[in-house]
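A note on names: the letters A, B, ... follow the listed sequences, proteins ahead of strands, and every chain is numbered from 1.
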Amino acid sequence: GNSVTQMEGPVTLSEEAFLTINCTYTATGYPSLFWYVQYPGEGLQLLLKATKADDKGSNKGFEATYRKETTSFHLEKGSVQVSDSAVYFCALSTDSWGKLQFGAGTQVVVTP
Amino acid sequence: EPEVTQTPSHQVTQMGQEVILRCVPISNHLYFYWYRQILGQKVEFLVSFYNNEISEKSEIFDDQFSVERPDGSNFTLKIRSTKLEDSAMYFCASSEVRGQGNQPQHFGDGTRLSIL
């Protein structure tokens, strides 16, 4: 079956550091890939998405490229801020009804 | 920006009792979902709903669970006889159209369900 694996947290960084969160997937067919973010006390918000191989999703300084050859969708940001502290979820969908399958989530803590 | 709202934010219930979790999806959305996250575990899909019927459900969504859209705006999840293992954060989501991500799902802030 389909699955998403992402690096375990917490990831602790200083402000302005470079952030990478690894995400790999197993899927039949051609999934769409997503990163969702959950700020403390809030719901899941779509951060970015990519629907086909080699697409790059980007938003708020974050980027991720859909790599079919390595079945990966790693999230990167060049210079993090304290406000980026959150839990980040990688997810995929292959389902015509849009069902999302999530990774375990990675907590990111950015210190001043 | 329109948002999905869920009530209550926290529900505490005795084991064996029925509980109803409520969601108001975004008004022009047609596809509705429930997910749950047990503490420390992954967010898991429960059910999707379209045109007043279940379109897909997971193995978690057994006979104790039901969903309905009673009045055209609310979307509810009912657990008939709660168990301790039902304790989790429950998220409602909606999307304008279905499909593989061309229209993303918008999530509510969740209802934390605690079973005693």
Side-chain angles (χ1 to χ4, degrees), chain A residues 1-10 23 25-53 55-57 59 64 66 68 73 86-107, chain B residues 1-7 9-10 21 23-26 29-51 53-61 89-112:
Chain A
N2 300 336
S3 66
V4 177
T5 302
Q6 59 182 109
M7 61 190 285
E8 289 188 24
C23 171
Y25 68 89
T26 304
T28 53
Y30 301 97
S32 291
L33 302 173
F34 308 84
W35 279 98
Y36 277 82
V37 59
Q38 185 178 32
Y39 298 104
E42 298 184 17
L44 297 162
Q45 300 175 27
L46 179 66
L47 183 59
L48 52 84
K49 64 180 172 76
T51 57
K52 61 183 189 298
D55 270 2
K56 179 188 281 189
N59 186 25
Y66 188 142
K68 188 166 180 285
F73 193 55
V87 180
Y88 292 81
F89 294 90
C90 187
L92 66 80
S93 177
T94 59
D95 192 274
S96 63
W97 293 106
K99 175 181 73 181
L100 289 168
Q101 292 175 266
F102 288 89
T106 303
Q107 183 178 12
Chain B
E1 185 177 326
E3 56 183 32
V4 176
T5 57
Q6 290 186 242
T7 55
S9 56
H10 191 192
L21 309 183
C23 169
V24 179
I26 294 172
H29 284 189
L30 301 175
Y31 296 87
F32 313 112
Y33 308 85
W34 283 101
Y35 295 82
R36 78 172 185 190
Q37 185 181 29
I38 295 171
L39 189 64
Q41 298 186 23
K42 292 185 179 185
V43 177
E44 301 171 292
F45 168 78
L46 292 178
V47 65
S48 59
F49 191 84
Y50 169 70
N51 199 26
E53 60 183 33
I54 291 172
S55 47
E56 188 175 5
K57 61 182 180 179
S58 73
E59 58 199 27
I60 302 168
F61 195 88
M89 181 73 90
Y90 288 80
F91 293 105
C92 173
S94 68
S95 66
E96 192 172 353
V97 296
R98 74 181 189 189
Q100 294 186 18
N102 290 322
Q103 292 291 334
Q105 291 177 30
H106 296 256
F107 283 77
D109 286 348
T111 294
R112 180 166 298 285

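- Both the backbone and the side chain of A/L44 come within less than 4.5 Å of a heavy atom in chain B.
- For the side chain to side chain contact (heavy atoms under 4.5 Å, CB included) criterion with A/C23, the lone passing option out of A/W35, A/F89, A/Y88 is A/W35.
- Within the 4.5 angstrom heavy-atom criterion, no atom of A/Q101 approaches chain B.
- Taking chain A as the reference chain and counting heavy-atom pairs below 4.5 Å, the highest number among B/E44, B/K42, B/Q37 is found for B/K42.
- A perpendicular orientation is assigned to the rings of A/Y66 and A/F73, their planes being inclined by more than 60° (bins at 30° and 60°).
- Your options are B/A93, B/S9, B/S48, B/S55, and the one with the most heavy-atom pairs under 4.5 Å with chain A is B/S55.
- Using cut-offs of 30° and 60° for the angle between ring planes, the B/F49 and B/F32 rings count as tilted.
- Note: B/Y35 and B/F45 have perpendicular aromatic rings, judged against thresholds of 30 and 60 degrees for the angle between ring planes.
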